[in-house]
Amino acid sequence: MSNDKRERGLDMMRQVYGWEIGDAPGDFFGITVDHLFGEIWTRPGLSLRDRRLLLIGVLAGQGLNDVLDIQIPAALGNGELDADELREIAIFLTHYIGWPLGAKLSVQIDGLIAKHEKRKP
């Protein structure tokens, strides 16, 4: 893969997650960086916030709360979504993903917001 594509992907990963990410070995990591972050996340047409909203909805619908533990703090840290918006997302999604998953999402969001608030200076 070209160095430009790898750097574009790594830069986007850093932007999406809000922390320093260096290159790593392995095909899986390389494909993730080069394709998902270097090509898909960088496409025009949707903002990073739009993409984050879609991703949160998909993850919540599948009950992938471990990945939401990464995405929700990143959205808060990057200023893409605030606490009130995240709480509203939980209310909205509950009616589409079902009450058990929605209730779990709501509790998770409140916990992650509390952690985020504690880290503020």
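In this text the structure is predicted, and so the values were computed from the model without any measurement.
- Residues I109 and V107 are members of separate hydrophobic clusters, defined by side-chain heavy-atom contacts under 4.5 angstrom among Ile, Leu, Val, Met, Phe, Trp and Tyr.
- In this structure, W99 is not a member of the same hydrophobic cluster as I89, with clusters built from ILVMFWY side-chain heavy atoms closer than 4.5 Å.
- Two residues are said to be in side-chain contact when any heavy atoms from C-beta on lie closer than 4.5 Å; Q15 and M12 meet this criterion.
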| Verdict with supporting geometry, L112 and L86, side chain to side chain contact (heavy atoms under 4.5 Å, CB included) | CA-CA 10 Å; L112 292 169; L86 285 164; over 6 Å; no
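- Here L68 contributes atom CG and L59 contributes atom CG; the two are 4.5 Å apart, rounded to the nearest 0.5 Å.
- Atom NZ of K5 sits about 13.0 Å away from atom CG of L10, to the nearest 0.5 Å.
- Side chains of W41 and R51 form a contact here, defined as non-hydrogen atoms less than 4.5 Å apart.
- No side-chain heavy atom of L81 sits less than 4.5 Å from a side-chain heavy atom of L76.
- Between the CG atom in L101 and the CG atom in N65 there is a gap of 7.5 Å [rounded to 0.5 Å].
- Atom CD of Q108 is separated from atom CD1 of I113 by 10.5 Å, given to the nearest 0.5 angstrom.
- E39 places no side-chain N or O within donor-acceptor distance of the main-chain N or O of L36, the cut-off being under 3.5 Å.
- Between V33 and D23, every side-chain heavy-atom pair lies at or beyond the 4.5 Å cut-off.
- In this structure the side chain of Y17 reaches within 4.5 angstrom of the side chain of I70, judged on heavy atoms.
- Closest heavy-atom contact between G57 and L93: CA-CD1, 3.8 Å.
- L46 and V16 sit in two unconnected hydrophobic clusters of ILVMFWY residues. Membership requires side-chain heavy atoms under 4.5 Å apart, directly or through other members.
- No donor-acceptor pair under 3.5 Å is formed between the side chain of S106 and the backbone N or O of G102.
- Distance check, rounded to the nearest 0.5 Å: CD of E7 to CG of N3 gives 7.5 Å.
- Within the structure, salt bridge (Lys or Arg N to Asp or Glu O under 4.0 Å) pairs that include any residue of residues 91-110 comprise R87-D110 (at least two apart or interchain).
- Using a 4.5 Å heavy-atom threshold, the side chains of L105 and I72 count as touching.
- Here the shortest heavy-atom pairing between A24 and F29 reads N-CE2, 3.2 Å.
- Remark: the backbone N or O of E20 is not paired with any side-chain donor or acceptor of R14 at under 3.5 angstrom.
- Applying the ring-ring contact (aromatic ring centres under 6.0 Å, His included) test to residues at least two apart or on different chains, the pairs with a partner in residues 54-94 are F92-Y96.
- Each salt bridge (Lys or Arg N to Asp or Glu O under 4.0 Å) pair with one or both residues in residues 55-80, not counting sequence neighbours, appears once here: R52-E80.
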| said: Is there a salt bridge (charged side-chain N to carboxylate O under 4.0 Å, His left out) between D11 and R8? Walk through the geometry before answering. | reply: CA-CA 5 Å; D11 287 343; R8 185 174 65 242; over 6 Å; no
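- Distance check: I31 CD1 to F37 CZ gives 14.0 Å after rounding to the nearest 0.5 Å.
- No side-chain heavy atom of I56 sits under 4.5 Å from any side-chain heavy atom of L53.
- Here the shortest heavy-atom pairing between I91 and H95 reads O-ND1, 2.9 Å.
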